[in-house]
Student: 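Below you will find the structure I want to go over with you.
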2 protein chains.
Amino acid sequence: MEFETLHTTRSVQLLRSFWNVQKNVMRIIQRTAADNGLSVPQYTILTAMILHKELTQKNLGEKTFFAKSTLSQSVDALVREGLLHRQPVEDNRREIQLSITEKGKKLLKTIHEQEDGIHMAFGEAVQDLEDDQFHNLLKTHLHIAQHLEEKE
Amino acid sequence: MEFETLHTTRSVQLLRSFWNVQKNVMRIIQRTAADNGLSVPQYTILTAMILHKELTQKNLGEKTFFAKSTLSQSVDALVREGLLHRQPVEDNRREIQLSITEKGKKLLKTIHEQEDGIHMAFGEAVQDLEDDQFHNLLKTHLHIAQHLEEKE
DNA sequence: TATGAATTGTTCTAAAATGAACAGTTAATA
DNA sequence: TATTAACTGTTCATTTTAGAACAATTCATA
C-alpha cells in the first residue's frame with residue numbers, strides 16, 4: 001500500500017505537469033486557429049495531413065480521436081475552403097482518401113511563422129534545452145503515449 | 001538560417017510529442033468525466049479546487065484558462081450538484097470564494113480509483129520511469145510551461 | 001452467390017463552450 | 001464626494017463538438 005500511494009502520488013504529479021503544459025498549448029492553438037479562420041479540429045486535421053500525406057477519414061480518426069461526425073464536418077469545411085483534397089479510393093466506394101492541397105500547405109506555413117503562435121513559443125522554450133534533455137523528453141513522452149494508447 | 005531551421009524542426013518535434021500524449025489524455029479524461037456525469041471543464045475545475053483549497057472565480061479562470069462564461073455555468077452546475085461551495089468574499093460584494101465540498105472530494109477520489117481512468121493509466125506508465133527520468137521530465141515541463149505562460 | 005453482420009461516412013439533434021452585451025460593484029481621480 | 005473607468009460575474013445568442021440514427025458499401029460465411 002505504501003507502494004501504491006507512492007505511485008499514485010507520482011501519477012498525480014505527472015498528470016498535473018502535463019496539464020500545465022497542455023492548457024497553455026490549447027489556449028495558444030485555439031487563438032491561432034481562430035485568427036486564421038479555423039476551428040481546433042480543422043487545424044489539427046491539417047497538421048495531421050501534412051505529416052501523413054494521404055489518409056482515409058477512418059485513419060484520420062484513429063490518429064486524432066475526434067468523433068466521426070466532427071471529422072466529417074471539419075473535413076467538409078476544409079474541402080470547401082480548398083485546403084484539403086478529397087478523392088475516392090480506388091476499388092472501394094466507401095472509403096475516402098484525403099490529402100492536403102498547396103493552399104493548405106501554404107496556410108500552415110503562414111501559421112507556423114506567426115509571431116505569437118505555438119511554434120514560435122515552443123521554438124523559444126526549446127532553445128534552452130540541452131540535447132540529451134530534449135531527447136530524453138521525447139523518449140519519455142513516447143513511452144507514456146504508447147501506454148495511454150493501449151487504453152482502448 | 002541553418003540555426004533557425006534546426007530549432008524550428010525541434011519545436012515541431014516537441015509539439016508533436018506533446019500532442020501525442022495530450023490527445024490521449026483528453027480522450028480518457030473526456031470519457032471519465034462523462035461516465036461520472038461531468039463535462040471536461042467541470043472535472044478540471046474540481047481538480048483545480050482540490051489543489052488550491054480556496055479560489056475566487058477570477059483566480060480559477062487564471063489557472064484553467066476557460067472562458068468566464070464557461071466558468072460561470074460550470075461552477076453553477078457544480079454548486080447545484082453539491083460538489084462545490086460558493087460563498088461571498090468578506091468585504092467584497094463582487095468576488096466569490098469557491099471551495100470543494102466533502103461530496104466533491106469523495107467524487108474525485110472515486111474517479112481517481114477507476115480502473116480505466118487517467119490516473120490508473122498514468123500510474124502504470126510512471127512505474128517504468130527511473131527516478132531521475134521522472135524528475136527531469138517534471139523539470140523540463142515546468143520550464144516549458146513557464147515559457148508558454150509568458151505568451152499573454 | 002445470397003444473406004446477415006460489420007464498416008465507413010453523413011445527417012440531424014442535442015449538448016458543450018464561447019463571445020458579447022450586460023448588471024452590479026469597486027477603484028481611480030477630479 | 002461625484003463621476004468615470006475598470007473589474008467580476010451572469011445571461012443570452014451563436015458556434016463548435018459529439019452522439020445517435022441513418023444510408024451506402026463491403027465483408028463473412030452459409
Side-chain angles (χ1 to χ4, degrees), chain A residues 22-23 26-46 48-49 54-81 84-99 152, chain B residues 22-23 26-46 48-49 54-81 84-99 152:
Chain A
Q22 177 163 345
K23 70 184 184 185
M26 283 314 295
R27 174 175 63 88
I28 297 173
I29 282 188
Q30 210 162 317
R31 190 184 55 201
T32 307
D35 287 349
N36 292 276
L38 299 172
S39 67
V40 172
Q42 284 168 11
Y43 173 71
T44 308
I45 288 170
L46 284 184
M49 290 312 307
E54 288 214 323
L55 285 177
T56 61
Q57 206 158 301
K58 180 199 171 197
N59 297 144
L60 184 59
E62 289 165 356
K63 305 243 177 259
T64 61
F65 296 134
F66 290 122
K68 58 184 184 172
S69 55
T70 306
L71 282 179
S72 185
Q73 294 184 132
S74 302
V75 165
D76 205 56
L78 290 172
V79 171
R80 280 200 308 276
E81 293 294 324
L84 226 53
H85 198 64
R86 177 165 54 182
Q87 66 197 126
V89 171
E90 193 108 353
D91 297 335
N92 187 329
R93 293 202 289 159
R94 188 170 49 183
E95 299 187 22
I96 293 175
Q97 195 74 246
L98 302 172
S99 55
E152 250 106 312
Chain B
Q22 178 164 344
K23 70 184 183 184
M26 282 315 294
R27 174 175 63 90
I28 298 173
I29 282 188
Q30 210 162 317
R31 190 183 56 204
T32 307
D35 287 350
N36 292 278
L38 298 172
S39 67
V40 172
Q42 283 169 12
Y43 172 72
T44 307
I45 288 170
L46 284 184
M49 290 312 306
E54 288 214 323
L55 286 176
T56 62
Q57 205 158 302
K58 179 199 170 195
N59 297 145
L60 183 59
E62 290 164 355
K63 305 243 177 261
T64 62
F65 297 133
F66 291 121
K68 59 183 184 173
S69 54
T70 306
L71 282 178
S72 185
Q73 294 183 130
S74 303
V75 164
D76 204 58
L78 290 171
V79 171
R80 279 200 309 275
E81 292 295 324
L84 227 52
H85 198 63
R86 177 166 51 183
Q87 66 197 126
V89 171
E90 193 110 353
D91 297 333
N92 186 331
R93 293 202 288 159
R94 188 169 49 182
E95 300 188 21
I96 293 175
Q97 196 74 248
L98 301 171
S99 55
E152 252 109 313

Student: Can you check whether B:Ser69 has a side-chain N or O nearer than 4.0 Å to OP1 or OP2 of C:dG19?
Tutor: no
Student: Which part of the nucleic acid does A:Thr70 contact within heavy-atom distance under 4.0 Å: base, sugar-phosphate only, or nothing?
Tutor: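 The residue A:Thr70 makes base contact.
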Student: Please state whether the phosphate of C:dG19, meaning OP1 or OP2, lies under 4.0 angstrom from any side-chain nitrogen or oxygen of A:Arg31.
Tutor: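 The answer is no; no side-chain N or O of A:Arg31 sits under 4.0 Å from OP1 or OP2.
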Student: Of all the nucleotides listed (C:dA6, C:dT26, C:dG9), which has the minimum atom distance to the side chain of B:Arg94?
Tutor: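 Within the option list, the nearest is C:dT26.
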Student: Let me know the distance between CG of A:Leu38 and C1' of D:dT15, rounded to the nearest Å.
Tutor: 15 Å
Student: Using the side-chain heavy atoms of A:Lys58, tell me which of these nucleotides is nearest: D:dG9, C:dT8, C:dG24.
Tutor: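 My answer, after comparing the listed nucleotides, is C:dT8.
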Student: NA contact type, B:Gln73, heavy-atom cut-off 4.0 Å: base, sugar-phosphate, or nothing?
Tutor: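 Base contact.
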Student: Measure the shortest side-chain to side-chain distance between B:Asn59 and B:Glu54 over non-hydrogen atoms and say whether it is less than 4.5 angstrom.
Tutor: no
Student: Hey, which of these two, A:Val40 or B:Ser72, hits DNA chain D nearer its 5' end, going by closest nucleotide?
Tutor: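 Nearest-nucleotide comparison on DNA chain D picks B:Ser72.
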Student: Can you tell if the side chain of B:Arg31 reaches within under 4.5 Å of the side chain of B:Ile28, non-hydrogen atoms only?
Tutor: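 Side-chain contact under 4.5 Å: yes.
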Student: Provide, to the nearest angstrom, the distance between the CG atom belonging to B:Asp35 and the P atom belonging to D:dA18.
Tutor: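 Spelled out: CG on B:Asp35 to P on D:dA18 is 16 Å.
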Student: Hey, does the side chain of A:Ser39 come within less than 4.0 Å of D:dT17's phosphate (OP1/OP2), counting only N and O?
Tutor: yes
Student: Looking at B:Arg93, I'd like to know whether one of its side-chain N or O atoms comes within less than 4.0 Å of OP1 or OP2 on C:dA27.
Tutor: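 For B:Arg93, the contact criterion (side-chain N or O under 4.0 Å from OP1 or OP2 of C:dA27) is not met.
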Student: Please walk me through it: do B:Arg86 and B:Asp76 pass side chain to side chain contact (heavy atoms under 4.5 Å, CB included)?
Tutor: CA-CA 9 Å; B:Arg86 177 166 51 183; B:Asp76 204 58; 3.0 Å; yes
Student: Quick one: which of D:dA18, D:dA6, C:dT18 gets closest to the side chain of A:Ala67?
Tutor: D:dA18
Student: Quick one: which of C:dG9, D:dT26, D:dT16 gets closest to the side chain of A:Asn92?
Tutor: D:dT26
Student: Checking contacts here: which listed nucleotide (D:dT26, D:dT10, C:dT8) is nearest the side-chain heavy atoms of A:Lys68?
Tutor: C:dT8
Student: What does A:Leu71 touch in the nucleic acid at a heavy-atom separation under 4.0 angstrom: a base, only the sugar-phosphate, or nothing?
Tutor: nothing
Student: Look at all strands and tell whether A:Gln30 reaches a base, only sugar-phosphate, or nothing, counting heavy atoms closer than 4.0 Å.
Tutor: sugar-phosphate
Student: Please lay out, stage by stage, how B:Leu84 and B:Leu46 fare under the test side chain to side chain contact (heavy atoms under 4.5 Å, CB included).
Tutor: CA-CA 8 Å; B:Leu84 227 52; B:Leu46 284 184; 3.8 Å; yes
Student: Given atom CE of A:Met26 and atom C1' of C:dA17, what is their separation to the nearest angstrom?
Tutor: 12 Å
Student: Is the backbone N or O of B:Lys63 less than 3.5 Å from a side-chain atom of A:Lys23, with the two atoms forming a donor-acceptor pair by type?
Tutor: yes
Student: May I have the distance from A:Glu95 (atom CD) to C:dA6 (atom C1'), rounded to whole angstrom?
Tutor: 13 Å
